[in-house]
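The structure appears right after this line, and notes come after that.
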Protein chains: 2
Amino acid sequence: MTVTLADVAARARVSPATVSRVLNGNYPVATATRERVMRAVDELDYVVNGPASSLAAATSDLVGILVNDIADPFFGIIAGAVQSAMGRAGGGGAVGGGEKLAVVCNTGGSPERELTYLTLLQRQRAAAVVLTGGAVDDPGHGAAVAAKLARLAVAGTRVVLCGRPPLPAAGEDAGAALATLTFDNEGGARRLTEHLLGLGHRRLGYVAGPVERTTTRHRLEGHRAAMTVAGLGADLDRLTVHGPYDRRSGYEAACELLRREPGLTALVAANDTVALGVCAALRDQGLRIPDDVSVAGFDDLPFSVDAVPALTTVRLPLHEAGARAGRLATGAEAPPPGGLATMGGELVVRASTGRAR
Amino acid sequence: MTVTLADVAARARVSPATVSRVLNGNYPVATATRERVMRAVDELDYVVNGPASSLAAATSDLVGILVNDIADPFFGIIAGAVQSAMGRAGGGGAVGGGEKLAVVCNTGGSPERELTYLTLLQRQRAAAVVLTGGAVDDPGHGAAVAAKLARLAVAGTRVVLCGRPPLPAAGEDAGAALATLTFDNEGGARRLTEHLLGLGHRRLGYVAGPVERTTTRHRLEGHRAAMTVAGLGADLDRLTVHGPYDRRSGYEAACELLRREPGLTALVAANDTVALGVCAALRDQGLRIPDDVSVAGFDDLPFSVDAVPALTTVRLPLHEAGARAGRLATGAEAPPPGGLATMGGELVVRASTGRAR
DNA sequence: CTGTTAGCGCATTCAC
DNA sequence: GTGAATGCGCTAACAG
């Protein structure tokens, strides 16, 4: 029923091997022969059988991109950058070759699904795997993921961590095929809080992300470091509330924090989306931003500049990190020294923060 | 090097065929044997070779989800819903079976990349393909896509269109394996403009999406229908500006429209993201929303409620449509009668629209 | 530069 | 219920 490489070979009056060679473009073939084959391919409307090809070659052109939440632009931006960087790299290839199938897999933040997707990708003998965003902050899961990634690496799959802390114990052989691009969440958070401190704020609330995420912890640690240095370490626990990375969490946390401490003059959110919820809560309580309460976010997602007032935040090089991860995944770029590169965040001061009242 | 099914068979002291049977769970196997096999699988840390399995079975567990812009929550929400609906469906299966690998492919709105991804998926013998969002509004490309989809369908790949108009000429055999879930963009746009008209607005500007998209055209047609009925059809072309679906486009278009017609009392944007840009432009010009100018968007993305003032818009059942597409893709749900279902949009009136001044 | 020869790892007939 | 044999469609050595 379906047309195979052998059919093409017959039509072009060459051997199957030759057809394979022109299709993959990785071997010298006479121009005349190539054209004959190409014509046959067109006429027969032939499409390579991926599984067969992957089986024979023991590799595939699948590249998996794991994200925690595909509906969150944070991940969308990174994933998009990874894909387009990969597209540019393989674009110049032959007819059927070179093209990588970049696919994004949505784990929904679930450790099980993360592992499941990794297994599925392993099963497909993926060429590369890119894990994006914060990891689940649990030793057991971390070890499981590390083990899985080590196996993938051994099997020849390139592994790239993008916007995620380095693996717990990646000292061994995994180090070779594993590159890590991590964000300086802690440093960014510290500078952000220092900015607020510099504006005279002394009573700051912090709306943290879900407890079990590394991103949450690192940003929180940066905040606490700044607070502690300023001699404000006492009330930290009371003025911190955890919740998911969504606007609703920001809304509710802001209400709760104001209940605990009506005298707050600044609220720092774990990310921009949460900050949006914080702003909404403040407005609903009749508080002005930043006159009554300053608000800050993190990530500098595209909508942050359109918030009213525009959000002070920490800009992460999402696009740059994704693009680099894409190049790392295709082997178009050499891994950073030591397999680890840290990308800093830049404080972006806008209208949502002002002097303490 | 890598452990194969034969290794497992040897360890469990059964034939490869038996291992295959317990792994796929679609054949009676004695409980004792099954357990022995399972143990061997665990001990050897065996992972099925997807390509080999797909080659032998002539099917794969890959499901492709094509999106126009992965960084846009509109697509993220749909894609996430598709994936989770599929996950639930296949979850109860056997060890290695049942699990579909749902992957999203970012076309970036480019017709070529759309076709490329379709070919890549065809090459992988994907189990299903879901195309989301508006199509490129070009007969040539439409025909090419339709042809490709027909071929996919013939090869046994389920095809689902989600949030996209039906194919040009899908009358033939493709109809069987092809389901379409389309949004009533025109109706939604019409009701939105009628709402504005009902508030007394007579001079409305329209910020349309890119010209070559069906979504753009349908929303624009709905707007124009309402305007024409109200006897306001004359100035339509002058008061319409096209641009990409991003905030910047909204910003610039708003400026341009105000230049053309300083007396505007309402601006309708092609989607919420564009509307955000429109609001920013209005603010920068010192105009109040909605006192001076009313603004409306489309889609009701999560951030729209947090805009200041909150955005009047048309809510599309993004999540519901995606979930249904996911079920259609896995065969968990029967296609709608005629293969086509239209999902309506609901007018959501918030604070960004008010009576004309 | 091109043809021939072997498998790649698994799912499936068939027998038993 | 289980085992033995066959082929899925392609790539990768080798020859020539």
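Throughout, protein chains are lettered first and strands after them, A, B, ... in sequence-line order, and every chain is numbered starting at 1.
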Which residues pass the salt bridge (Lys or Arg N to Asp or Glu O under 4.0 Å) test with [X], not counting sequence neighbours?
X        : answer
B/Arg125 : none
A/Arg34  : none
B/Arg151 : A/Asp45
A/Glu112 : none

Rounding to a whole Å, what distance do you find between [X]:[atom1] and [N]:[atom2]?
X       : N      : atom1 : atom2 : value
B/Leu23 : C/dC10 : CG    : C1'   : 10 Å
B/Glu35 : D/dG1  : CD    : P     : 15 Å
B/Asp7  : C/dG9  : CG    : P     : 9 Å
A/Asn49 : D/dT11 : CG    : C1'   : 13 Å
B/Asn26 : C/dC10 : CG    : P     : 15 Å

Any side-chain N or O of B/Ser20 under 4.0 Å from OP1/OP2 of C/dA11? yes

Quick check on C/dA11: is either OP1 or OP2 less than 4.0 Å from any side-chain nitrogen or oxygen of B/Asn24? yes

Under 4.0 Å, heavy atoms only, any strand: does B/Thr4 hit a base, just the sugar-phosphate, or nothing? sugar-phosphate

Quick one: label B/Leu5 by what it contacts on the DNA or RNA (base, sugar-phosphate, nothing), any heavy atom closer than 4.0 Å. sugar-phosphate

Using the 3.5 Å cut-off, write out each protein N or O paired with an N or O of nucleotides 2-4 of chain D and the distance between them.
| from | atom 1 | to | atom 2 | distance (Å) |
| --- | --- | --- | --- | --- |
| D/dT2 | OP1 | B/Thr33 | OG1 | 2.3 |
| D/dT2 | OP2 | B/Ala30 | N | 2.8 |
| D/dG3 | OP2 | B/Ser15 | N | 2.9 |
| D/dG3 | OP2 | B/Ser15 | OG | 3.2 |
| D/dG3 | OP2 | B/Thr18 | OG1 | 2.7 |
| D/dG3 | N7 | B/Arg21 | NH2 | 2.8 |
| D/dG3 | O6 | B/Arg21 | NH1 | 3.4 |

When you match B/Leu55 and A/Val19 each to their closest nucleotide on DNA chain D, which lands nearer the 5' end? B/Leu55

Check this for me: does any side-chain nitrogen of one of B/Arg164 and B/Glu114 sit under 4.0 Å from a carboxylate oxygen of the other? yes

Kindly point out which of C/dA11, D/dC10, C/dC10 is positioned nearest to the side chain of B/Ala57? C/dA11

Show me the pairs that pass salt bridge (charged side-chain N to carboxylate O under 4.0 Å, His left out) and involve residues 4-13 of chain A, at least two apart or across chains. A/Arg11-A/Glu43

